[in-house]
2 protein chains.
Amino acid sequence: MSIEISDAEYQIMLAIWESSPVNAKDVIARLDSDWHPKTVNTLLGRLVKKEALAYMKDGRSYLYTPLIEKNSYIKSKSQHFLQKLFNGKLSPLVANFVDQDLVEKDDIEALKKLIDDWESSNNPDGAKGKNSDTNNAEANTNASHSNNK
Amino acid sequence: MSIEISDAEYQIMLAIWESSPVNAKDVIARLDSDWHPKTVNTLLGRLVKKEALAYMKDGRSYLYTPLIEKNSYIKSKSQHFLQKLFNGKLSPLVANFVDQDLVEKDDIEALKKLIDDWESSNNPDGAKGKNSDTNNAEANTNASHSNNK
DNA sequence: ATAGTAGGATTACATGTGTAATATTAAATA
DNA sequence: TATTTAATATTACACATGTAATCCTACTAT
């Protein structure tokens with residue numbers, strides 16, 4: 001259904017999402033220069049053909065504009081990924097990361113906030129459950145953790 | 001550098017991870033039958049060539065055994081995915097799912113528990129318990145028929 | 001005006017992937 | 001034993017992908 005964007009193409013899209021419209025030269029400049037210009041050119045062409053990018057003439061070159069939003073793309077990808085590897089369930093994925101020590105203090109804080117938000121919107125009647133205090137309890141502890149990867 | 005397993009191949013791996021060693025016939029049986037046997041055959045061959053599977057003769061046919069663990073594979077995939085789409089940060093991904101209403105009550109409960117666990121092991125001040133490891137990812141496990149012998 | 005050049009268009013080419021069909025062979029059966 | 005057949009091995013084939021090289025043409029500098 002949705003447009004399929006390969007890994008290499010995705011890098012190009014990222015450069016274009018940064019700001020657009022943008023011409024090939026600038027896209028190349030944004031890409032940390034391990035990209036051969038000809039390769040970028042090919043990829044731009046493919047993205048246009050796939051209708052992931054629109055392009056319009058600008059003097060001797062073209063200006064490219066994304067036809068798909070970064071957010072929608074990421075959302076759809078995330079969903080597919082979670083479906084494929086975790087049967088659509090979020091918590092096993094998170095468990096996985098915790099297990100690998102890939103979670104940092106600020107992730108935890110952000111997660112708490114997300115949980116809180118979720119509970120407020122899915123449980124508007126006030127019954128907030130045990131999370132309400134957890135939220136404040138750890139308010140701002142300075143991180144002193146050591147995460148090595 | 002890890003072995004690359006395609007989407008179709010992954011489905012085969014799932015069937016084999018269910019229990020092994022297993023012969024082609026049983027793998028086919030486990031796959032919800034939209035798979036042509038010949039296709040499965042090809043994929044098994046490719047997986048053997050990639051050294052994702054070992055095989056040993058068993059009478060007229062072969063028995064296949066995974067050479068890579070489901071958990072390791074999932075972990076490595078998850079990491080790549082998160083790196084590519086979310087710069088390695090977990091919370092934006094979760095935010096994404098919350099945003100899409102793809103999070104359910106039990107996810108929230110699981111998340112809370114994970115947070116607790118993380119805090120116990122990374123922030124011993126608040127000493128709750130102190131188990132170091134979280135549980136593993138338990139993903140796609142949808143058994144259908146089982147022909148065991 | 002001519003030649004060099006910046007840029008896009010076209011072509012290339014070796015894998016990888018999905019999806020099988022065909023060929024071969026060893027085992028089961030008549 | 002001769003034949004059918006279940007299983008594997010080999011071959012096929014179009015499209016995707018990474019990675020460019022070459023071709024063509026309008027523009028620029030002499």
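A, B, ... follow the sequence lines: proteins, then strands. Residue 1 opens every chain.
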What is the separation between atom [atom1] on [X] and atom [atom2] on [N], rounded to the nearest whole Å?
{"X": "B:L63", "N": "D:dA7", "atom1": "CG", "atom2": "C1'", "result": "13 Å"}
{"X": "B:Y62", "N": "C:dA26", "atom1": "OH", "atom2": "C1'", "result": "11 Å"}
{"X": "A:K25", "N": "C:dG7", "atom1": "NZ", "atom2": "C1'", "result": "9 Å"}
{"X": "B:E4", "N": "C:dG16", "atom1": "CD", "atom2": "C1'", "result": "10 Å"}
{"X": "A:N23", "N": "C:dA6", "atom1": "CG", "atom2": "C1'", "result": "12 Å"}
{"X": "A:Q11", "N": "D:dG18", "atom1": "CD", "atom2": "C1'", "result": "13 Å"}
{"X": "A:I12", "N": "D:dA16", "atom1": "CD1", "atom2": "C1'", "result": "16 Å"}
{"X": "B:D26", "N": "D:dA6", "atom1": "CG", "atom2": "P", "result": "16 Å"}

Worksheet item: Hey, is the side chain of B:R60 poking within less than 4.0 Å of OP1 or OP2 on C:dT25, counting only N and O atoms?
Response: no

Worksheet item: Between B:S6 and C:dG18, does any side-chain N or O lie under 4.0 Å from OP1 or OP2?
Response: yes

Is it true that a side-chain atom of [X] and a backbone atom of [Y] form a donor plus acceptor pair closer than 3.5 Å?
{"X": "B:K70", "Y": "B:L14", "answer": "no"}
{"X": "B:K89", "Y": "A:D107", "answer": "no"}
{"X": "A:N23", "Y": "A:K25", "answer": "yes"}

Worksheet item: Among B:T42, B:I28, B:V27, B:L31, which one satisfies side chain to side chain contact (heavy atoms under 4.5 Å, CB included) with B:P37?
Response: B:I28

Worksheet item: B:T39 near the nucleic acid: base, sugar-phosphate alone, or nothing, with a heavy-atom cut-off under 4.0 Å?
Response: base

Discussion item. Please verify the inter-ring angle class for A:Y55 with A:Y64; under 30° counts as parallel, over 60° as perpendicular, anything in between as tilted.
Written reply: parallel

Discussion item. Parallel, tilted or perpendicular, judged at 30° and 60°: which one describes the rings of A:W17 and A:Y73?
Written reply: tilted

Worksheet item: Do the non-hydrogen side-chain atoms of A:K84 and B:K77 ever get within less than 4.5 Å of each other?
Response: no

Worksheet entry | Chi angles and distances behind the salt bridge (charged side-chain N to carboxylate O under 4.0 Å, His left out) call for A:D116, A:K112 | CA-CA 6 Å; A:D116 211 43; A:K112 282 184 188 171; over 6 Å; no

Item to complete: Go through the steps for B:D117 and B:K113 under the test salt bridge (charged side-chain N to carboxylate O under 4.0 Å, His left out), then give the verdict.
Response: CA-CA 6 Å; B:D117 288 349; B:K113 171 139 182 25; 3.1 Å; yes

Worksheet entry | Interface residues of residues 43-57 of chain A with DNA chain C (non-hydrogen, below 4.0 angstrom) | A:R46

Identify the pairs formed between an N or O of the protein and an N or O of nucleotides 21-24 of chain D at a distance under 3.5 Å, and give each distance.
unit_1, atom_1, unit_2, atom_2, d
D:dA21, OP2, A:H36, NE2, 3.1
D:dT22, O4, A:K38, NZ, 3.0

